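Reminder, nothing fancy here: chain letters follow the sequence lines and each chain counts from 1. Small disclaimer: the values here were computed from a predicted structure and weren't measured.
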Amino acid sequence: MEKKILDTVKKAVKELYAIEATEKQLLLQKTLPDYEGDFTVVVFPFAKSAKKSPVEIGEDLGKYLKKNMDEVADYNVIKGFLNLVFRNEVWTQFLSTNYNDENYGINESQEQKPVVIEFSSPNTNKPLHLGHVRNNLLGESVARVMKAAGRNVKKVNLVNDRGIHICKSMLAWQKWGEEETPESTGLKGDQLVGKYYVLFDQKLKEEKETLRQQGVAEDNLDEASELMKQAREMLRKWENRDEKVLELWKKMNNWVYEGFDETYERMGISFDKVYHESETYLIGKQMVLEALKRNQLEKAEDGSVWADLSEFDLDKKLLLRKDGTSVYMTQDLGTAKLRYEDFDPSNMLYVVGNEQDYHFGVLKLVLKKMNYEWADRIEHVSYGMVELPDGKMKSREGTVVDADDLMDEMYHTAKAMTEELGKIDGLSNAEAENLVNMISQGALKYFILKVDPKKNMLFNPEKSINFTGNTGPFIQYTHARIKSLLRRSGKSSFDLDAYNPEDLILPEKDVIKKLAAYPAVVKEAAKEMSPAIVANYTFELVKLYNQFYQDVPVLKNDNQLVIDFRLAMSVFVANVVRSSMAILGIEVPEQM
RNA sequence: GGUUCUGUAGCUCAACUGGAUAGAGCAACGGCCUUCUAAGCCGUAGGUUCCAGGUUCGAGUCCUGGCAGAAUCACCA
């Protein structure tokens with residue numbers, strides 16, 4: 001529709017003023033609520049070359065469009081804005097052809113090559129916290145929105161399962177764990193392992209304090225620490241495939257995986273493939289050594305290997321330590337290559353916080369330097385940090401918000417609220433539990449996803465999660481209300497052919513116009529990789545529907561055709577709400 | 001210090017990428033349930049869009065210079 005208007009405008013300026021309009025000059029927007037009209041053409045851009053005032057041009061174009069487009073019923077010009085009023089038929093016909101299409105706005109994938117999207121990427125030494133929650137929700141949702149826009153999406157996870165930090169929790173458990181297991185303690189596996197990671201840190205601090213008192217210099221504390229020595233020794237043993245260490249490593253990692261799986265499932269998150277750093281870091285090492293042979297990298301005197309990035313105005317980047325062990329960058333090179341070979345993707349996306357902007361910039365450059373032509377297919381989907389009222393989360397200082405705790409708390413709040421409002425009266429226990437889960441997850445997901453991913457966001461544990469206003473539950477509630485309305489009507493098919501378009505009233509028109517925008521919103525959100533665009537759209541839609549619902553009785557009308565029309569519109573809204581919420585990973589209830 | 005990002009109502013966030021009078025929610029205040037679900041709807045109040053210049057028909061949005069905050073610049077990941 002938008003395209004048709006612009007094409008006609010283009011023809012008009014050519015015929016009237018002999019102007020060849022460029023893409024940029026053709027500006028169309030929705031008419032503001034205060035003015036009469038549906039679409040607005042901005043005519044300022046033509047003023048100069050047409051040598052006429054904007055108002056005159058608006059009149060000319062308005063006349064032309066009214067004559068040449070059946071859809072245009074009338075027009076008015078205010079300053080440099082040409083407001084077009086469409087015939088009601090345009091909207092009523094749009095409604096009747098689309099209201100019952102459950103895939104309205106969603107495109108089936110036609111792509112061969114997939115776009116691979118990595119997210120979550122947890123460490124196996126501690127449980128997930130609020131920062132991971134944003135990452136997980138964003139990753140899952142970006143995958144879904146791209147899929148909805150017709151991309152062929154593969155979701156992958158890269159588990160950081162090796163390294164000195166993993167050895168720390170292993171060592172602490174070995175020393176002080178007394179054979180505790182998730183079964184014996186009743187703790188989730190990741191929580192149990194995390195407990196020992198924290199314990200290690202405490203013990204290390206104590207040891208360092210003692211060393212300090214003995215006069216050891218600050219810079220040498222790590223080197224002098226007996227605990228660190230043992231951790232490093234354990235890492236060496238791990239790399240040499242020491243059986244006992246490997247056994248412990250497997251045991252504890254499996255505890256963590258079981259814990260993660262539980263959390264992922266609760267959040268509704270899944271992956272097509274899971275990579276482990278323990279399986280990829282050697283590939284990266286191999287790549288570096290080969291590139292060194294090709295003289296694309298440099299070896300320093302002490303034996304360490306570097307990439308010289310001076311041609312990009314950057315410093316050198318270390319890729320292998322002098323003892324030959326790999327660093328973070330090295331294993332990312334390996335994973336990228338492995339992933340490229342596994343999927344032959346058109347794009348490789350990494351959902352990782354903006355604190356790693358520099359890292360991903362360098363990753364691409366190093367790959368380029370090593371002559372991998374697919375380096376440009378890597379894209380960092382960078383998102384902002386989650387901050388707490390008293391600043392950033394720091395695991396060491398115990399100021400993290402644990403993901404499981406957070407979800408538990410949300411569940412309890414949602415449950416109390418739902419009971420208080422009498423929403424679960426008449427539901428079975430299982431149904432009630434399902435509903436409360438849906439609502440608490442909806443509240444959390446919507447709260448996080450409605451914010452522009454690029455921006456830092458603030459999370460206040462006491463105040464952030466609401467269930468009224470611009471929230472997930474508000475949207476869920478609207479869906480339930482529509483479903484209730486439809487049940488009450490007892491109808492599932494509607495006679496729309498005989499409906500008189502003149503009966504269309506403004507609150508209906510506003511809703512239908514919003515519905516018409518949905519396909520473009522999905523595309524835009526996929527292009528920007530921003531679920532927030534979908535979230536904000538859905539809120540606006542639901543807001544408009546509620547205004548309609550409040551003012552206009554649906555089932556009470558002398559004219560059965562009007563009732564049918566309004567019910568069909570409600571079906572349409574419910575479909576789009578369900579579809580857009582699904583993009584955010586949020587389910588909607590039949591009643592609440 | 002260099003680089004990048006951010007700065008919009010008391011608070012949390014929008015603003016279709018340069019368009020009309022900057023919008024929502026929360027919090028505050030006032031209304032609306034004998035009528036389809038009040039987790040709702042309506043209204044009131046709340047703004048020098050951090051500051052100063054510039055570009056043009058037109059700037060929250062673009063350019064320059066400040067101010068404030070965050071991230072990053074590791075032989076951590």
Note to self: From the set B:C36, B:C75, B:A77, return the single nucleotide nearest to any side-chain atom of A:W306.
What the structure shows: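 Per side-chain heavy atoms of A:W306, the pick is B:C75.
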Margin query: From C-beta outward on A:L318, which listed nucleotide comes closest to its side chain: B:A39, B:C75, B:G25?
Written below: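 The answer is B:C75, which lies nearest to the side chain.
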Checklist line | Candidate nucleotides B:A77, B:U72, B:U37, ranked by approach to the side chain of A:R487 - the nearest | finding: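 Comparing B:A77, B:U72, B:U37 against the side chain of A:R487, the answer is B:U37.
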Next item on the list: Please determine, for B:G10, whether a Watson-Crick or G-U wobble partner exists with both distances under 3.5 Å, and give it or none.
Entry: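 Result: B:C26.
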Next item on the list: Indicate yes or no for a side-chain donor-acceptor contact from A:S225 to the backbone of A:L221 under 3.5 Å, with no hydrogens or angles considered.
Entry: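 No; judged by distance alone, with no hydrogens or angles, the pair does not exist.
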Margin query: The side chain of A:R321 is closest to which nucleotide in this list: B:U37, B:A77, B:C42?
Written below: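 Of the options given, the side chain of A:R321 lies nearest B:A77.
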Next item on the list: Check A:I164, A:I166, A:D161 against A:N125 for a side chain to side chain contact (heavy atoms under 4.5 Å, CB included) and give me the one that passes.
Entry: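 Among A:I164, A:I166, A:D161, the one meeting side chain to side chain contact (heavy atoms under 4.5 Å, CB included) with A:N125 is A:I166.
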Item checked: Watson-Crick or G-U counterpart of B:A70, or none if no pair lies under 3.5 Å ->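 The answer is B:U4, by the H-bond criterion.
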Next item on the list: Heavy atoms under 4.0 Å is the rule here; annotate nucleotides 4-16 of chain B 5' to 3' with B where the base is hit, S where only the sugar-phosphate is, and - elsewhere.
Entry: ---S----SSS-B
Notebook entry, point to check: Rounded to the nearest 0.5 Å, what separation is found between the OH atom of A:Y545 and the CG atom of A:D510?
Noted result: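 So the OH of A:Y545 and the CG of A:D510 are separated by 14.5 Å.
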Margin query: Ring centres within less than 5.5 Å and planes less than 30° apart: is that true of A:F44 and B:G19 in this structure?
Written below: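 Taking the rule of under 5.5 Å and under 30°, the ring of A:F44 does stack on B:G19.
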Next item on the list: For A:F467, answer base if it contacts any base atom (sugar-phosphate contacts may also be present), sugar-phosphate if it contacts only those atoms, and nothing otherwise; contact means non-hydrogen atoms under 4.0 Å.
Entry: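 Answer is base: heavy atoms of A:F467 come under 4.0 Å of a base.
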Note to self: Does the plane of the ring in A:Y281 sit parallel, tilted or perpendicular to the ring in A:W238? Use 30° and 60° as the thresholds.
What the structure shows: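 Plane angle between 30° and 60°, so tilted.
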Item checked: A:S484 side-chain N/O to B:C36 phosphate OP1/OP2 under 4.0 Å ->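 So the side chain of A:S484 is outside the cut-off, no N or O lying under 4.0 Å from OP1 or OP2 of B:C36.
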Notebook entry, point to check: Given atom CD of A:Q591 and atom P of B:A39, what is their separation to the nearest angstrom?
Noted result: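 Rounded to the whole Å, the gap is 14 Å.
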Item checked: Residue pair A:D551 / A:Q547, side-chain donor-acceptor N/O under 3.5 Å ->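 No, A:Q547 and A:D551 have no side-chain donor paired with an acceptor closer than 3.5 Å.
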Notebook entry, point to check: OP1, OP2 of B:A77 versus side-chain N and O of A:Y328: anything below 4.0 Å?
Noted result: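 A:Y328 to B:A77 OP1/OP2: no side-chain N or O under 4.0 Å.
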Notebook entry, point to check: Under 4.0 angstrom, heavy atoms only, what part of the nucleic acid is A:A480 near: base, sugar-phosphate, or nothing?
Noted result: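 Answer is base: heavy atoms of A:A480 come under 4.0 Å of a base.
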Next item on the list: Under a 3.5 Å limit for both distances, which nucleotide forms a Watson-Crick or G-U wobble pair with B:G47, could you say?
Entry: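 For B:G47, the partner nucleotide comes out as none, under the 3.5 Å rule.
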Margin query: For a quick check of understanding: with a heavy-atom distance under 4.0 Å over all strands, which category does A:E420 fall into, base, sugar-phosphate or nothing?
Written below: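 A:E420: no heavy atom of the nucleic acid under 4.0 Å.
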Margin query: Using a 6.0 Å distance limit plus a 45 degree cone around the ring axis, check whether A:R134 lies over the aromatic ring of A:Y383.
Written below: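 Here A:R134 fails the 6.0 Å and 45° test against A:Y383.
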Checklist line | Integer-rounded Å distance: B:A71 C1' and A:Y383 OH | finding: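 For the pair A:Y383 OH and B:A71 C1', the rounded distance is 13 Å.
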Check: Are A:H359 and A:D332 linked by a side-chain donor-acceptor pair shorter than 3.5 Å?
Finding: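 Indeed, the side chains of A:H359 and A:D332 share at least one donor-acceptor pair under 3.5 Å.
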Next item on the list: Have a look at A:I439 and say if it touches a base, only the backbone sugar-phosphate, or nothing, with a 4.0 Å heavy-atom cut-off.
Entry: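 Answer is base: heavy atoms of A:I439 come under 4.0 Å of a base.
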Next item on the list: Compare the aromatic ring of A:Y35 with the six-membered base ring of B:A20 and state whether they stack according to the 5.5 Å and 30° rule.
Entry: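 A stacking contact exists, since A:Y35 sits close and nearly parallel to the base ring of B:A20.
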Note to self: So, under a plain 3.5 Å distance rule, would you say the side chain of A:T478 forms a donor-acceptor pair with the base of B:A39?
What the structure shows: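 A donor-acceptor contact between them is absent.
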Next item on the list: Supply the atom-to-atom distance A:N466 CG to A:F447 CZ, rounded to the nearest 0.5 angstrom.
Entry: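 If I round to the nearest 0.5 Å, the distance is 8.5 Å.
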Next item on the list: Give the nucleotide from the list B:A39, B:A20, B:A24 with an atom nearest to the side chain of A:M592.
Entry: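 Side chain of A:M592 sits closest to B:A39.
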Check: Can you find a donor-acceptor pair, distance only, under 3.5 Å between A:D551 side chain and B:C41 base?
Finding: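 Under the 3.5 Å cut-off, the side chain and the base do not form any donor-acceptor pair.
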Notebook entry, point to check: Reckon A:N83 touches a base, only the sugar-phosphate, or nothing at all at heavy-atom distances under 4.0 Å?
Noted result: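 Result for A:N83 = base.
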Margin query: Is there aromatic stacking of A:F81 on B:A20 here, judged by a ring-centre distance under 5.5 Å and a plane angle under 30°?
Written below: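 Stacked: ring centres under 5.5 Å, planes under 30°.
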